[in-house]
Amino acid sequence: MVQVKESLSKQYNQLFEIVPPAAIRAVDIKLSAVPDIIKLTLGEPDFAVPDVVKEAVKKAVDDNDSHYAPSQGTLALRQAISDYVHERLSGPVYDSESEISVTIGVSEAIYDSLSALFNRGETILVPTPTFCFYQAEALRLGLKVVEINTAPSYLFTAEMFEKAIQEHPEARGLVLNFPGNPTGVTYDEQELKDLAVAIKKTDILVLSDEIYAELTYGQTHKSITNYIPEQTILISGLSKSHAMTGYRVGFIAGPKALMKMVGLAHSGVVTTAPGPMMAGALAALTEAREAPKAMRDIYQKRRDIVLAGLKEAGFTAPTPKGAFYIFAKIPDFLPQDDEAFVYELGEKAKVGTIPGSVFGAGGEGHVRISYATSTEKLEEAMKRVIAYAEAAKEATELSTAE
């Protein structure tokens, strides 16, 4: 092991000291050490990438696509993204040359948007519980984060927004994620329209992460860009819809003036996305555009299996209308410290979940369960959770009787 020179031991960005580590990954790694555990921890689809996507990547490699691509992405892919947003998300027609950037996944898209569009010290509003990456990146960039607890509905309403603006008139931005991670909650058309009307009265810039748009149950996703495109940056990608997490293809779309700055951030960080991966993404958005439907139908069946099992075990949870997560309240007869509970469940029941508190205010006392794994594993996991809960309840009752 190499020891750093003592005088250089504090040679790093001091903001990183206030940023918590990647909690989801940390929990997953720790639980992975438990023998025979069934991990319902990560948002990692168990489906294979559509064959047409794989073939497109192979062809690009065989055709020696090994050189720099245009910084903002190939024009054909940007045009396909524009068509996709307009046709599938009811969004505006974005100009493929000036209003879209292809990124290395949504993680980079979030960083690019926050770093390019907000100044150090400015305030952004983040409704929680939500994917903890938003807060972490904002803090690393020196932004101030105001978490807004949306429990128990987990919807950020127009009334909540108006109250937040009254309390934080200095706020410059708002991060939305719907369908939501970790809750699976999403908006119906009227709820989204009401929120957009409230936002439109302000100069708040919205970063809307809609990566789970293709995975909705019983309703069609509509983007908030349908209502307020002039003050929205849309973030999405293909990781969840086409099971392409390892391909790392995301995108950002927004008004030209804002995207000029976002594009500078993107090109300064990664120069360009890899050509073969963009070829695969193009195939996904054209030839494999219907692929998410088959996955969505299976996810819905898996969702119902997990909901039924959790109910039998004594958990309560809203029925997800999108994504592939369930955010469940821990029953009173089980440990209420969600982090302690997660590790106990992992050790005793051999089922891995994520503590709700890592997702911000409103997540305490809950667990996130990903049903993006096989039906067989989910069925076995629910049997284990039920058995664990029944044993714990019996022990509690015996202790009370004594």
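On a predicted model such as this, the values are computed, not experimentally measured, just so you know.
At distances below 3.5 Å, at least one donor-acceptor pair connects side-chain atoms of Asp188 with backbone N or O atoms of Gln190. With Ser113 contributing its side chain and Ile110 its backbone, the two residues share no donor-acceptor pair below 3.5 Å. With Thr245 contributing its side chain and Ser239 its backbone, the two residues share no donor-acceptor pair below 3.5 Å. One N or O on the side chain of Glu364 and one on the backbone of Gly362 form a donor-acceptor pair closer than 3.5 Å. Remark: the backbone N or O of Ala361 is paired with a side-chain donor or acceptor of Glu147 at under 3.5 angstrom. Remark: side-chain polar atoms of Ser153 are paired, donor with acceptor, to backbone N or O of Leu155 under 3.5 angstrom. Although no hydrogens or angles enter the test, the distance criterion places a donor-acceptor pair under 3.5 Å between the side chain of Ser82 and the main chain of Tyr94. Formation of a donor-acceptor pair under 3.5 Å by the His242 side chain with backbone atoms of Ala288 is found in this model.
Using modelled atom types and a 3.5 Å distance limit, the side chains of Gln79 and Asp83 yield a donor-acceptor pair. Side-chain contact annotation: Asn119 with Arg172, donor-acceptor N/O pair under 3.5 Å absent. Side-chain N/O atoms of Gln72 and His266 include no donor and acceptor closer than 3.5 Å. A donor atom on one side chain and an acceptor atom on the other are found under 3.5 Å apart for Asp338 and Ser357.
Contact check for Asn181 versus Ile211: no side-chain heavy atoms found under the 4.5 Å cut-off. Taking 4.5 Å as the limit, every side-chain heavy atom of Ser370 sits out of range of all side-chain heavy atoms of Glu44. For the pair Arg289/Glu87, a side-chain contact is recorded, criterion being any heavy-atom separation below 4.5 Å from C-beta on. Contact annotation: the side chain of Ile305 never approaches that of Tyr371 to less than 4.5 Å [non-hydrogen atoms, C-beta and beyond]. In this structure, Pro127 and Phe161 have side chains that are not in contact, with every pair of non-hydrogen atoms separated by 4.5 Å or more. The side-chain heavy atoms of Thr216 and Pro179, taken from C-beta on, include a pair separated by under 4.5 Å. Inter-residue side-chain proximity for Leu89 and Asn226 is flagged as unmet; no heavy-atom pair is nearer than 4.5 Å. Inter-residue side-chain proximity for Val175 and Gln135 is flagged as unmet; no heavy-atom pair is nearer than 4.5 Å.
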**From CA spacing to verdict: side chain to side chain contact (heavy atoms under 4.5 Å, CB included), Leu238, Tyr247** = CA-CA 8 Å; Leu238 297 163; Tyr247 284 53; over 6 Å; no

**Request:** Could you check Glu137 against Arg140 for salt bridge (charged side-chain N to carboxylate O under 4.0 Å, His left out), going step by step and ending with a plain yes or no?
**Result:** CA-CA 5 Å; Glu137 282 303 286; Arg140 274 191 277 264; 2.6 Å; yes

**Item:** Residues Lys163, Glu167; criterion salt bridge (charged side-chain N to carboxylate O under 4.0 Å, His left out); working and verdict
**Value:** CA-CA 6 Å; Lys163 183 174 184 291; Glu167 295 175 351; 2.6 Å; yes

**Item:** Ile104 and Met277: CA distance, side-chain angles, deciding distance, side chain to side chain contact (heavy atoms under 4.5 Å, CB included) verdict
**Value:** CA-CA 10 Å; Ile104 309 295; Met277 297 301 112; over 6 Å; no

**Item:** Val342 vs Ile354, side chain to side chain contact (heavy atoms under 4.5 Å, CB included): CA-CA, chis, key distance, verdict
**Value:** CA-CA 7 Å; Val342 160; Ile354 299 294; 5.9 Å; no

**Request:** Starting from the C-alpha separation in whole Å, work towards a yes-or-no answer on side chain to side chain contact (heavy atoms under 4.5 Å, CB included) for Glu191 and Thr157.
**Result:** CA-CA 7 Å; Glu191 290 166 338; Thr157 64; over 6 Å; no

**Request:** Quick one: do Asp297 and Lys293 satisfy salt bridge (charged side-chain N to carboxylate O under 4.0 Å, His left out)? Show the steps, please.
**Result:** CA-CA 6 Å; Asp297 292 343; Lys293 184 181 184 303; 3.2 Å; yes

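By the neighbour-count criterion of 12 heavy atoms within 6.0 Å, atom CG of Asn13 is densely surrounded, having more than that number from other residues, nucleotides or ligands. The neighbour count for Lys329 NZ, taken as heavy atoms of other residues, nucleotides or ligands under 6.0 Å away, is above 12. Atom CD of Gln11 sits in a sparse spot, with 12 or fewer heavy atoms from other residues, nucleotides or ligands closer than 6.0 Å. Counting heavy atoms of neighbouring residues, nucleotides and ligands inside a 6.0 Å radius, atom CD of Glu162 exceeds 12 of them. In Lys54, the NZ atom is crowded: over 12 heavy atoms of neighbouring residues, nucleotides or ligands sit closer than 6.0 Å. Annotation for Tyr111: atom OH does not count as buried by contact number, only 12 or fewer foreign heavy atoms lying within 6.0 Å. Heavy-atom contacts from other residues, nucleotides or ligands closer than 6.0 Å to OH of Tyr12 number more than 12.
Scanning all heavy atoms of the two residues, the minimum distance from Gly43 to Arg368 falls at N-NH2, 4.0 Å. Contact record, Met259 with Glu99: CG-O, 3.7 Å, taken as the closest heavy-atom pair. Here the shortest heavy-atom pairing between Val206 and Ile199 reads CG2-CG2, 3.8 Å. Looking at every heavy atom in both residues, Thr286 comes nearest to Ala80 through CG2-CB, 4.3 Å. When all heavy atoms are compared, the tightest approach of Ala381 to Leu40 is CB-CD1, 3.9 Å. The two atoms that bring Gly91 and Thr225 nearest to each other are CA-OG1, 3.5 Å, heavy atoms only.
Aromatic ring centres of Phe156 and Tyr187: separated by at least 6.0 Å. Between Tyr325 and Tyr212, the ring centre distance stays below 6.0 Å.
For the atom pair OH of Tyr343 and CD of Glu347, the computed distance is 10.5 Å after rounding to the nearest 0.5 Å. Separation of atoms CG (Leu176) and CG (Leu207) is listed at 9.0 Å; rounding is to 0.5 Å. The distance from the CD1 atom of Ile81 to the CG atom of Leu285 is 6.5 Å, given to the nearest 0.5 Å. Atom-to-atom distance recorded for Leu215:CG and Thr186:OG1 is 11.0 Å, nearest 0.5 angstrom. His168 contributes atom NE2, which lies 7.0 Å from atom CG of Leu125 (distance to the nearest 0.5 angstrom).
Between Phe133 and Phe131, the two ring planes are parallel [angle under 30°; tilted spans 30° to 60°].
Look at Lys58 and Glu55 and you find a salt bridge, because one of the NZ, NE, NH1 or NH2 atoms lies within 4.0 Å of a carboxylate O, short of that distance. The pair Glu380-Lys377 does not count as a salt bridge, with every side-chain nitrogen at least 4.0 angstrom from each carboxylate oxygen. For the pair Glu290 and Arg88, the salt-bridge criterion is met [side-chain N within less than 4.0 Å of a carboxylate O]. Contact check on Arg384 versus Asp36 returns no salt bridge, with no Lys/Arg side-chain nitrogen under 4.0 Å from an Asp/Glu carboxylate oxygen.
Take Pro129 and apply the side chain to side chain contact (heavy atoms under 4.5 Å, CB included) test, not counting sequence neighbours, and it matches Thr150, Tyr154, Pro182, Phe327, Phe359.
Cation-pi geometry between Lys240 and Phe324 is not met at under 6.0 angstrom from the ring centre and within 45 degrees of the axis.
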